[in-house]
Undergrad: 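My structure is below; once you've seen it, I'll send some questions.
Numbering of residues begins at 1 and proceeds along the displayed sequence.
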Amino acid sequence: MILSELDRRLKALADPTRLRILNLLMEGELCGCDIQHVLGLTQSNVSRHLAYLKHSGWVADRREGYRVFHRLANAAGQWQPLLAFLHSSFRQDRMLRQDRTRLRRAVGRGACQLRPQEYGPEGATAWTARA
């Protein structure tokens with residue numbers, strides 16, 4: 001592992017908003033508008049944090065029409081232990097649990113059309129967004 005990659009990846013985790021975004025993306029692929037809605041942040045703020053996570057190697061995206069969908073990047077085996085640790089830690093934090101609850105409620109109201117899919121560091125059932 002190259003020290004600069006480790007430095008870049010760990011710096012990306014040094015922000016509470018980016019950790020909240022990763023927490024949501026551990027549930028599966030999401031439209032940027034859903035992340036914005038759940039976290040109660042502006043579109044520009046969410047976009048800035050997603051760009052940081054993308055450039056640091058944590059997040060990948062794809063465009064479908066006017067929507068951009070974000071997901072955890074295909075993490076090589078070297079990052080799986082850290083993702084599993086984060087997943088476990090996120091499950092214990094009250095605010096992050098509330099974020100996941102808000103996400104599920106938004107999905108229930110049709111924020112984006114979502115379907116279950118196997119995804120995440122522990123193979124937990126997650127949600128995948130689609131237009």
Undergrad: Counting C-beta onward and ignoring hydrogens, is there a side-chain heavy-atom pair between Leu96 and Leu19 closer than 4.5 Å?
TA: no

Undergrad: Check Ile21, Leu53, Leu72 against Trp58 for a side chain to side chain contact (heavy atoms under 4.5 Å, CB included) and give me the one that passes.
TA: Leu53

Undergrad: Looking at CZ of Arg9 and CD of Gln78, how far apart are the two atoms once the value is rounded to the nearest 0.5 Å?
TA: 7.0 Å

Undergrad: How about Tyr52 and Val59: do any of their side-chain heavy atoms sit closer than 4.5 Å?
TA: no

Undergrad: For the residue pair Leu39 and Leu24, establish whether any side-chain heavy-atom pair is separated by less than 4.5 Å.
TA: yes

Undergrad: Rounded to the nearest 0.5 Å, what separates atom CZ in Arg8 from atom CG in Leu3?
TA: 11.5 Å

Undergrad: Find the distance between CZ (Phe90) and CD (Glu27) and round it off to the nearest 0.5 Å.
TA: 11.0 Å

Undergrad: Return the minimal non-hydrogen interatomic distance between Ala73 and Gly57, and the atom names on each side.
TA: CB-O, 3.4 Å

Undergrad: What I'd like to find out is whether the side chain of Arg20 reaches to under 4.5 Å of the side chain of His49, using heavy atoms alone.
TA: no

Undergrad: Look at the side chain of Arg97 and the backbone N and O of Gln92, then say whether any donor-acceptor pair between them is shorter than 3.5 Å.
TA: yes

Undergrad: Between the side chains of Arg48 and Asn45, does any donor sit under 3.5 Å from an acceptor?
TA: yes

Undergrad: Hey, are the side chains of Asp61 and His70 touching, using non-hydrogen atoms and a 4.5 Å cut-off?
TA: yes

Undergrad: Could you give the distance from CD1 (Ile35) to CZ (Phe69), rounded to the nearest 0.5 Å?
TA: 10.5 Å

Undergrad: Do Val38 and Met95 belong to the same hydrophobic cluster, where Ile, Leu, Val, Met, Phe, Trp and Tyr are linked whenever their side-chain heavy atoms lie under 4.5 Å apart, directly or via other members?
TA: no

Undergrad: With side chains defined as the heavy atoms from C-beta onward, is the minimum distance between Leu50 and Val68 less than 4.5 Å?
TA: no

Undergrad: Give the cluster check for Leu13 versus Leu83: same hydrophobic cluster or not, with ILVMFWY residues linked at side-chain heavy-atom distances below 4.5 Å.
TA: yes

Undergrad: Distance check, rounded to the nearest 0.5 Å: Leu103 atom CG versus Leu25 atom CG?
TA: 9.5 Å

Undergrad: Using a 4.5 Å cut-off on heavy atoms from C-beta on, say whether the side chain of Arg18 contacts that of Leu22.
TA: no

Undergrad: Quick one: do Arg91 and Arg100 satisfy side-chain contact (heavy atoms from CB on, under 4.5 Å)? Show the steps, please.
TA: CA-CA 10 Å; Arg91 296 290 176 222; Arg100 290 188 306 276; 2.3 Å; yes

Undergrad: Can you tell me how far NE2 of His87 sits from CG of Asn23, rounded to the nearest 0.5 angstrom?
TA: 8.5 Å

